[in-house]
**Q** 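Sharing a structure below in C-alpha cells format, with a few things to ask.
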Amino acid sequence: MKLEELVALGGLLHDIGKPVQRAGIYSGDHSEQGAEFLGGLARETGRGEYGLLALFSAFHHSEHFNEARIREAIRSLPECFGLSEEDIIRVLWIVYEADNLSSAEREKGKPRNIRPLYSIFNREKAYRPVVLEFGQELPVPGEVESLTKWDYRNVIEGLTEDLKKSELRVDRLLPVLEKHLTFVSSVTAKGNVISLYDHMRMTSAIALAMLKAGCTAGDVKAGRCRREKRFLLIEGDFSGIQDFIYGISGKGTLKYLRARSAYLKLIAWDIVLEIINRLGLTRANVIFNAGGHFLILGQNTEEARKELESIRKHVVEWLYREFDGKLYLALDWEAVSGEELGRDKEGHPLLPIARKRLKRKLDLRKLRRFGEVEGLFKEPEASERLEECAVCGKEVPENLLEPFKLSDDPSVRACKTCNELAELGKNLPKVKGFVLDRKAHEGEDITKGPFRYFIPYYENSTPLGEVLLLKNSLDVPGNLSETIEFIPYLVADYFKPSEKSEYVIADFDELAGDKEDTKKKGTRRIGVLKGDVDNLGLFFRDMDSPSKLATASRFMDYFFKAYLNEIIRGKFEYLMGDIPSLGNWPKEPDVVVVYAGGDDFFIVGAWDQVFELAFRVREAFRAYTGDGMTLSAGLGYFHPKTPIYRMADVVSERLERAKSEGKDKDRVFVIERAAPEGFPIAYRWEQYEELWKTYKPRVYAGNGRLVKELESKKGLLWRILELRELYVRDPKSVKWAYLIAYLLGRHKLSGLFPELVGIDAEAALKGEPQPIYWIDGILKVVLMAVRG
C-alpha cells in the first residue's frame, strides 16, 4: 500500500465510529468503537488493510495519541503492507492534525447523541439519518426532536453491507459513505449543519494535501502545518456559459442544445480530474464542482504550482482555439495555512478572507481574458480562407466545414465540434454515463475535452478507460474494472420521447402538440422556464469552512440535478399544495430539461405544463430548504418555430427583471405585461397563487373551456384586459373604474369580479396598484388555455 493511499483512506474512515457509537453497538468512545468496527470488517472480509485503518480511528484524538501505545498496536498487526513503523506513525500524526483542522469549524456546545443533522439552509429544521436515494422521497428537513440508537442501527446495517462489497479504494468508498452518512451529523452539537460524510472526506483531503506538502510528524507536533501556508485553494470559474450554450444560430436544435450543456459539464470534469491527477490528489479533495465552478484543496509546493500553471495555459489556449473566445476559464490559486481552513483563536472564520483574496485573482483573470494565450491577435495565414460555421459561428478554414448532421439542407455547413455534438445530442437519451480516456476508442461517437476523450457509456456495455462518470447512481457497476476510477455523475436529464422512438427527444412541434391534439391546452405554444436561486452569493459567503462549502454545494446540486427529474415525473405531490394548474399533471410530461445544475435551470415543453412546473419546482425547493431559501423564475411562451436562442434571450431578460423587483426577490415573471413606471411586472409567488385561487375558479372550467357564465362571453375577458391597459396608461385617472363597473353591470357579472368594481382607496393612498392591475396575469394564461 502506498503512503498516499493510506493517509487518504485513514482520513476518510477516521470518524466511522461516530454512527457506531450512537447505535450503541460496542462500548467505549467513538474512537474505540470505530476501531472495533473496522477490526470486525477486517476479520469478516479477510482484508487486513481494515485492521491497519482501524489505527486511524483509535488514535485520532489527543487523549488516545500515545506513541508507545501506537507502536505496540502497529507491531500487533498481522501485516503492515510494505510500510514501515515510522511511515505509519507519520501519517497517523497527519490525520490527527487534519481532523483537528477539519473540525475547527464546529459549533460550540455540549454534544448529545440524540441530536440530528440540521439543515444547511435552515438551522431550525433537521433530518433523520436516512439513506440517500435519488429516486425516492425528497429529503425535507423538519421538526426532528431527537434520534434513537435504532435510527443509527439502520445506518450501520446498510453501511456494513456496502463496505463488505466495496473495494478498499477512495473512489469506491466515497459513494458508499455518501449514500449512508450524508444525513448523519458530524458532531451532535445544537445546530450543526455539517454532514459526517463531508467532514470525513475533508479530513481525507487535508491529510493528503499535508502529506504531498511534505509534512512530517515533527511539523505537526511543532504546529508548523497549522501556521505555515502548506495548502492551496484552487478555484476555477467559467465565464461565457450562457453564450456558449444558447448563443447559436437557428440551425441548432433542442437535442444539440442539450449536447452543448452536457459537453460543458464534461469539460469541467476533465479539467478537475487533470488537476487532482497531476497533483496526486483524490476526488475527496474536490470541495465542489457544479455550475461551471469548482474548488479544490491541494498542496502548496513549487511542483504543484508549476503543474497548475501548465494546466491553466493549456486549458485557456484550448478553449480559445475550440470556441473562438466564447468560453473562458479563470483558474487561480491561493496559498493558505491550516488555520485559515477554520477559525482563529477568537473564533472568527478565516476561510472567507482567503477566498476573498482568491476571488480578486479570478476577477483580474476575467478582466484579462485570454491573456494566457500567446499570439492572441495573430493574423491568419494568407493562404487560409475562413468561413463561419453555420451553427456556432466559429471561423474555420472552409475545407474543415461539413454538412450539419441535424439539418436536411446540405448547404448548412458546420465545424467538426458542432457535428460531434450533434451526434452526442442524438445519443444522449441512451447514454448512461461517460468514460473519460486519453485515447480515442474506435467506432464510438466521441467528443474531446482539453485532456481526454468523452466516450458514451451505454447500459450493459463494458466500460474501458480511465474514469467512468455514471449518471444518477451511487452504486458501482458490477463489471467495472479495478483500473477505472468511479465517479457518480448527477444530471437532470428528463426528456419527453418523440413518437418516432423512445430514444429520440421530442421536437418543438411535438411538445407544442398538433392542433387536433385534445390533450394539449388551447394555443400551440412552447413554454420556456428559466430560474435560479436568490441571494446565492450571500448564502455561500456564510459557508466558512471547506466542510460547510462541500455540504452546501452538494445539497444544492442534488436538488437541481437528481431531484428535479423526479419533480417533473410528478413525485412529491404531497408537497405541492394548491398550486396554479390548468389540468391534471401527466404521467409523462411533455417537457425537456435543457440545462440544470449548480443553482439554475432551463426547461422547455408544452406551455401549460411548463407554466405549472414553475410552481412545482418552487414548492419543492421551498420544502427542500425548509423555507430557508427562495428562487426566482422567468416564463415565456413561443411559437414552435422560434429559434431557441431567441427564447433564451427573452426568458433571461424576464428572470433578471423578476430578480430586480424587490430586495427579497422570490418572484416569478409569469407573462408579458405592460406597467406604469415604478410598478412591478413580476409576481411574488404567494401573491400569484392567491390570485389564481381567487380568479381561476370563476373563469376557467378546465379542459380548455370557460365557466358556464362566460362560455359565450370570451370577448368580455378581453375587454377587461383592455380596461386594465387603460388603467396602466394613466393610473391617476378613474375612467377605467366606471367603464369596468358599467361593463360588468351590463353583463350582470359584477358578482364575478367584485374586486374590480370601484377604487381601492387604501391602495391609492399608498401609491400601490389597483386590483385590476394584477388580473392580467391570470386572464391571459386562462385565455391561452381556451380553445377556439
Side-chain angles (χ1 to χ4, degrees), residues 105 107 116-142 144 155 174-175 177-187 191-202 205 265 283-284 286-295 472-474 487-492 531-567 571-572 575 596-601 617-631:
E105 83 262 321
E107 304 297 327
L117 173 71
Y118 294 86
S119 169
I120 194 81
F121 307 111
N122 182 350
R123 293 190 178 201
E124 299 301 315
K125 297 184 178 180
Y127 304 98
R128 293 204 167 274
V130 296
V131 174
L132 177 63
E133 294 179 293
F134 300 121
Q136 302 302 314
E137 294 302 306
L138 190 72
V140 173
V144 181
V155 171
L174 280 171
L177 299 176
E178 184 175 3
K179 179 178 179 181
H180 295 286
L181 301 181
T182 281
F183 296 105
V184 173
S185 185
S186 61
V187 61
N192 177 59
V193 298
I194 299 167
S195 160
L196 180 58
Y197 166 68
D198 287 310
H199 167 66
M200 290 164 73
R201 76 182 182 100
M202 283 302 105
K265 293 171 191 169
R283 188 168 67 86
V286 183
I287 298 173
F288 62 78
N289 176 25
H293 191 192
F294 59 80
L295 183 66
N472 299 332
S473 176
L474 296 172
I487 297 178
Y489 172 61
L490 302 184
V491 56
D532 66 21
V533 177
D534 297 323
N535 303 311
L536 192 71
L538 290 173
F539 171 69
F540 274 105
R541 276 200 286 277
D542 288 338
M543 302 298 109
D544 55 9
S545 75
S547 300
K548 281 183 185 173
L549 275 170
T551 297
S553 178
R554 222 164 32 88
F555 273 72
M556 195 70 76
D557 225 29
Y558 287 164
F559 183 85
F560 288 107
K561 289 182 179 176
Y563 291 116
L564 182 59
N565 289 325
E566 306 310 316
I567 294 167
K571 287 191 177 180
F572 322 133
L575 298 173
D599 74 306
D600 60 348
F601 51 94
V617 172
R618 188 263 177 175
E619 287 301 311
F621 186 70
R622 184 191 57 75
Y624 182 78
T625 62
D627 288 309
M629 298 197 76
T630 63
L631 58 79

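Positions are given from 1, in the same order as the sequence printed here.
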**Q** Quick one: list whatever passes side chain to side chain donor-acceptor pair (under 3.5 Å) with Glu137, sequence neighbours left out.
**A**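 Listed in chain order: Tyr574.
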**Q** Would you please name every residue forming a ring pair (Phe, Tyr, Trp, His ring centres under 6.0 Å) with Tyr197, sequence neighbours left out?
**A** none
**Q** Using the side chain to side chain contact (heavy atoms under 4.5 Å, CB included) criterion, which residues pair with Val140? Sequence neighbours excluded.
**A** Leu138, Leu575, Ala623
**Q** Hey, are the side chains of Val533 and Phe539 touching, using non-hydrogen atoms and a 4.5 Å cut-off?
**A** no
**Q** Got a sec, which residues hit side chain to side chain contact (heavy atoms under 4.5 Å, CB included) with Val130, two or more places apart in sequence or on another chain?
**A** Arg128, Phe183
**Q** Only counting residues at least two apart or in another chain, list the ones meeting salt bridge (Lys or Arg N to Asp or Glu O under 4.0 Å) with Lys125.
**A** Asp627
**Q** Could I get the full list of side chain to side chain contact (heavy atoms under 4.5 Å, CB included) partners for Ala492, not counting sequence neighbours?
**A**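 In terms of side chain to side chain contact (heavy atoms under 4.5 Å, CB included), with neighbours along the sequence ignored, Ala492 is linked to Leu564, Asn565, Val593, Ala596.
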**Q** Can you list the steps and then say if Tyr489 with Lys265 is a side chain to side chain contact (heavy atoms under 4.5 Å, CB included)?
**A** CA-CA 10 Å; Tyr489 172 61; Lys265 293 171 191 169; 4.0 Å; yes
**Q** Residues two or more places apart in sequence or in another chain: which of them pass ring pair (Phe, Tyr, Trp, His ring centres under 6.0 Å) with Tyr118?
**A** none
**Q** Just jot down the salt bridge (Lys or Arg N to Asp or Glu O under 4.0 Å) partners of Glu566, sequence neighbours excluded, or say none.
**A**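 For Glu566 the salt bridge (Lys or Arg N to Asp or Glu O under 4.0 Å) partners, ignoring immediate neighbours, are Arg569, Lys571.
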**Q** Sequence neighbours excluded, which residues qualify as side chain to side chain donor-acceptor pair (under 3.5 Å) partners of Ser185?
**A** Asn192
**Q** Could you report the tightest heavy-atom contact between Ser186 and His199, atom names first, then the distance?
**A** CB-CB, 3.8 Å
**Q** Who are the salt bridge (Lys or Arg N to Asp or Glu O under 4.0 Å) partners of Asp534, not counting sequence neighbours?
**A** Lys659
**Q** Any side-chain heavy atom of Phe540 sitting closer than 4.5 Å to one from Lys548?
**A**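 Not in contact.
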**Q** Determine, using ring centers only, whether Phe555 and Tyr127 are less than 6.0 Å apart.
**A** yes
**Q** Under the ring pair (Phe, Tyr, Trp, His ring centres under 6.0 Å) rule, collect the residues that match up with Phe134, sequence neighbours excluded.
**A** Tyr558, Tyr563
**Q** Sequence neighbours excluded, which residues qualify as side chain to side chain contact (heavy atoms under 4.5 Å, CB included) partners of Asp557?
**A**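 Partners of Asp557 under the side chain to side chain contact (heavy atoms under 4.5 Å, CB included) test: Ala290, Lys561.
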